[in-house]
Peer 1: 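Following this message is one structure expressed as structure tokens.
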Amino acid sequence: MRFDLSDEEWSVLEPLMPKSRKSARPHDWRIINAIVYVLRTGIPWRDLPERYGPYISAYNRFNRRARRGVWKRIFDALAAKSRDSLYLDR
């Protein structure tokens, strides 16, 4: 799909994702694609296409990870790897 992460993008992002405490999350890629879709398109969570599963799952995962600072850590790690980054704490 147009806004979904490619295999190459996922291979960069996957090692930065938090590991599950209980068991493997088989739908991590789908949930992350759902979050990326909402952020790239600006649609309301409730309008998330059904192919991503229940919108509430993506919404809850996005919010929980935001509260724990996961997205900030991922952004910082990706920015630090970019030669074009303005990231100052290299």
Side-chain angles (χ1 to χ4, degrees):
M1 295 282 134
R2 179 176 177 195
F3 295 104
D4 290 354
L5 295 173
S6 67
D7 290 341
E8 183 180 346
E9 290 169 324
W10 180 249
S11 70
V12 171
L13 191 59
E14 185 177 26
L16 302 173
M17 299 303 297
K19 304 298 180 229
S20 175
R21 294 181 189 143
K22 295 178 184 173
S23 63
R25 288 188 170 142
H27 304 296
D28 239 359
W29 193 339
R30 186 178 73 180
I31 294 290
I32 297 305
N33 277 331
I35 291 168
V36 168
Y37 185 91
V38 168
L39 296 177
R40 286 183 175 174
T41 63
I43 66 165
W45 289 101
R46 288 183 185 269
D47 293 340
L48 190 65
E50 289 181 16
R51 71 177 174 269
Y52 295 114
Y55 80 89
I56 198 71
S57 298
Y59 174 80
N60 286 339
R61 185 99 46 104
F62 175 80
N63 281 321
R64 280 193 304 266
R65 289 182 176 175
R67 282 193 304 269
R68 293 192 332 246
V70 170
W71 303 123
K72 170 95 169 77
R73 286 192 300 275
I74 289 172
F75 175 81
D76 289 346
L78 293 174
K81 290 180 181 184
S82 172
R83 63 181 177 84
D84 298 325
S85 175
L86 297 176
Y87 188 72
L88 301 175
D89 296 330
R90 288 187 194 205

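Here, residue 1 is the first one in the sequence, and each next residue gets the next number.
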Peer 1: The criterion is side-chain contact (heavy atoms from CB on, under 4.5 Å); which residues satisfy it with S11, sequence neighbours excluded?
Peer 2: none
Peer 1: Return the CD1 to CD1 distance between I74 and I32, rounded to the nearest 0.5 Å.
Peer 2: 7.0 Å
Peer 1: With sequence neighbours excluded, tell me which residues meet side-chain contact (heavy atoms from CB on, under 4.5 Å) with V12.
Peer 2: L78
Peer 1: With rounding to the nearest 0.5 angstrom, report the CH2 to CE distance, W29 to M17.
Peer 2: 13.0 Å
Peer 1: Do L16 and R73 have side-chain heavy atoms sitting under 4.5 Å apart?
Peer 2: no
Peer 1: Going from CZ on R61 to CD1 on I56, what distance comes out if it is rounded to the nearest 0.5 angstrom?
Peer 2: 12.5 Å
Peer 1: Extract all donor-acceptor atom pairs below 3.5 Å that involve side chains of residues 35-44 and protein atoms in other chains or at least two apart in sequence.
Peer 2:
residue	atom	partner	partner atom	Å
R40	NH1	F3	O	3.1
T41	OG1	Y37	O	2.7
T41	OG1	I43	N	3.4

Peer 1: How far does CG of L5 sit from CD of E8, to the nearest 0.5 angstrom?
Peer 2: 11.5 Å
Peer 1: For residues Y52 and R30, is any side-chain donor paired with an opposing acceptor at under 3.5 Å?
Peer 2: no
Peer 1: Using the side-chain contact (heavy atoms from CB on, under 4.5 Å) criterion, which residues pair with R67? Sequence neighbours excluded.
Peer 2: N63, R64
Peer 1: Kindly write out the residues that satisfy ring pair (Phe, Tyr, Trp, His ring centres under 6.0 Å) with W45, not counting sequence neighbours, or none if the list is empty.
Peer 2: Y59, F62
Peer 1: Is there a donor-acceptor pair closer than 3.5 Å between any side-chain N or O of N33 and the backbone N or O of D4?
Peer 2: no
